[in-house]
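Just so you know, these numbers use all the heavy atoms, side chains as well, and skip hydrogens, waters and symmetry mates.
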Amino acid sequence: MEEEPARPAAPAEPTAPEGHPPPETPASVEEAGTTRPRGRTTLLIGAATVLGLVAGACAGVLVQADREPTKLPPLSQTALAPSTGKAPKPLPADQDRQVRTEGDLRDLLLKKPRGAEEADWLKGSEGWMDLAGYAGTFGNPPGAYEALLRSEFRRAAVTAWEVDEAYTVEIRLIQYRQEEVLGATEANAESQYFATDVASEYFVAGDGDGDGDGVGGGDWSIPGTGDGRVFVRAEPERGLDGSQFPYRAEAHARRGDIAVEIWVSGAKRIDKKMILGLAQRQMERL
């Protein structure tokens, strides 16, 4: 048999040269396994603080739960008696405007004068004009219907008559709810705006013939109303030259939640004094 070749010998451990001792192992390496992790103490303190807060809150809730509930003061307060003397008496119905306007609105309309005839179209209406009927008096009824809804239209009372085949009168009282918008104020302002815009084609503001009697047309304030005005046109309404009543005049005012409209059509120019008198008497009833 052939002999197995000799295996190489394992390398011998290195030996320090003579006169040089072997290097020592650092103490930090030997003790690394025994060092305490950093941050552990901070976590323990934070957890204890949170637990203390939670425990305190729970204890407070338990204490409050065992106590009697505190009574709250009443939301409404009884009427306070006057310090001296007797309380004032409520206004009578004929002096309390709110009582008047909450009643039958038709009772506040001017009465038909003696000798005048009630307008034919008014018969059967019982003196009322509903939302659709009032919107129909505008040039654009669908748009007017929506605008009246936004303005919080409530109701409208109307009366009309004819005098000696000389002129006709129509008076409307339009009441608004005025819960979110000032419907009567806005309606009065818009009516006067359109009256001024249309009437500017028919008269010179103030007095058309310069004699101060209003026969020539113009616009004037209604005494006692603040912002009420009448408008009288000096020329016949366009397109009505051949009609029985081609001349027009109108008045617009307001009081509280009611807007007032007065329309007069005549066979000749409307007298300023006549429509001003109508407007003043109607406003006095409100």
Side-chain angles (χ1 to χ4, degrees), residues 94-95 97-98 100-101 105-113 116 127 129 134 137-138 151 153-163 166-176 178 182-235 237 245 247-266 268-286:
D94 59 345
Q95 297 181 17
R97 184 188 166 277
Q98 187 173 4
R100 295 200 307 271
T101 57
L105 202 59
R106 298 171 298 180
D107 293 340
L108 302 181
L109 288 164
L110 276 180
K111 303 304 179 183
K112 177 174 65 68
M129 184 178 285
Y134 181 55
T137 65
F138 290 80
S151 299
F153 172 91
R154 180 181 175 185
R155 56 180 178 168
V158 60
T159 186
W161 62 80
E162 180 179 332
V163 178
Y167 62 90
T168 63
V169 175
E170 179 180 351
I171 302 176
R172 304 171 189 164
L173 302 182
I174 302 94
Q175 190 172 31
Y176 297 84
Q178 298 203 148
L182 297 177
T185 302
E186 294 179 358
N188 181 58
E190 291 177 3
S191 296
Q192 293 190 24
Y193 170 80
F194 286 110
T196 303
D197 183 57
V198 172
S200 62
E201 303 179 13
Y202 300 92
F203 62 70
V204 177
D207 191 33
D209 56 9
D211 61 4
D213 60 2
V215 175
D219 69 299
W220 298 265
S221 62
I222 304 172
T225 62
D227 56 359
R229 299 192 70 81
V230 299
F231 302 83
V232 179
R233 303 178 188 175
E235 301 295 332
E237 188 84 8
F245 306 115
Y247 291 90
R248 296 293 175 87
E250 57 191 280
H252 300 281
R254 65 178 175 87
R255 183 149 293 164
D257 56 358
I258 296 177
V260 179
E261 299 178 2
I262 301 177
W263 305 86
V264 180
S265 300
K268 59 182 181 180
R269 292 176 184 175
I270 308 301
D271 186 4
K272 159 196 168 183
K273 295 180 181 179
M274 186 267 284
I275 189 169
L276 264 179
L278 282 174
Q280 286 183 274
R281 294 198 304 274
Q282 178 58 75
M283 297 304 295
E284 289 172 356
R285 296 181 65 86
L286 301 178

Worksheet item: Under the criterion side-chain contact (heavy atoms from CB on, under 4.5 Å), which of V158, V264, L108, I262 is the partner of I171?
Response: I262

Worksheet item: Sub-3.5 Å donor-acceptor pair from the side chain of S191 to the main-chain atoms of N188, do we have one?
Response: no

Fill in: Residue pair I258 / L105, side-chain heavy-atom distance below 4.5 Å
yes

Practice prompt. Can you see which heavy atom on Y134 is nearest to which on T137, and at what distance?
Written response: O-OG1, 2.6 Å

Discussion item. Please check: side-chain N/O of Q175 versus main-chain N/O of R155, any donor-acceptor pairing under 3.5 Å?
Written reply: no

Discussion item. To the closest 0.5 Å, what do you measure between CD (E186) and OH (Y193)?
Written reply: 15.5 Å

Discussion item. Would you compute the distance between atom CZ of R269 and atom CD of E235 and round it to the nearest 0.5 angstrom?
Written reply: 5.5 Å

Discussion item. How close do A251 and A279 get, counting heavy atoms only, and between which atoms?
Written reply: CB-CB, 4.2 Å

Item to complete: Give the intermediate values and the outcome of side-chain contact (heavy atoms from CB on, under 4.5 Å) for residues T185 and R254.
Response: CA-CA 7 Å; T185 302; R254 65 178 175 87; 3.8 Å; yes

Worksheet item: So, Q280 side chain and T225 main chain: donor-acceptor pair closer than 3.5 Å or not?
Response: no

Discussion item. Restricting to non-hydrogen atoms, name the atom on S151 and the atom on Y176 that form the minimum distance, rounded to 0.1 Å.
Written reply: O-CD2, 3.2 Å

Discussion item. Could you check whether any side-chain heavy atom of L110 comes within less than 4.5 Å of a side-chain heavy atom of L278, counting everything from C-beta outward?
Written reply: yes

Discussion item. Can you tell me how far apart NZ (K112) and CD (E162) are? Round to the nearest 0.5 Å.
Written reply: 12.0 Å

Discussion item. So which atom in L276 and which in S221 form the shortest heavy-atom distance, rounded to 0.1 Å?
Written reply: CD2-O, 3.8 Å

Fill in: Heavy-atom pair of closest approach, residues M129 and F153
O-CZ, 4.0 Å

Worksheet item: Counting heavy atoms not belonging to K268, are there more than 12 under 6.0 Å from its NZ?
Response: no

Fill in: E250/R248 ion pair, N-O < 4.0 Å
no

Worksheet item: Out of D219, I275, I270, which residue meets the side-chain contact (heavy atoms from CB on, under 4.5 Å) rule with F231?
Response: D219

Worksheet item: For M283 and A253, which heavy atoms make the closest approach, and how far apart are they?
Response: SD-CB, 3.8 Å

Item to complete: Quick one: pull up CG in L173 and CD in E261 and give me the separation to the nearest 0.5 Å.
Response: 9.5 Å

Fill in: Whether R285 side chain and L109 backbone form a donor-acceptor pair below 3.5 Å
yes

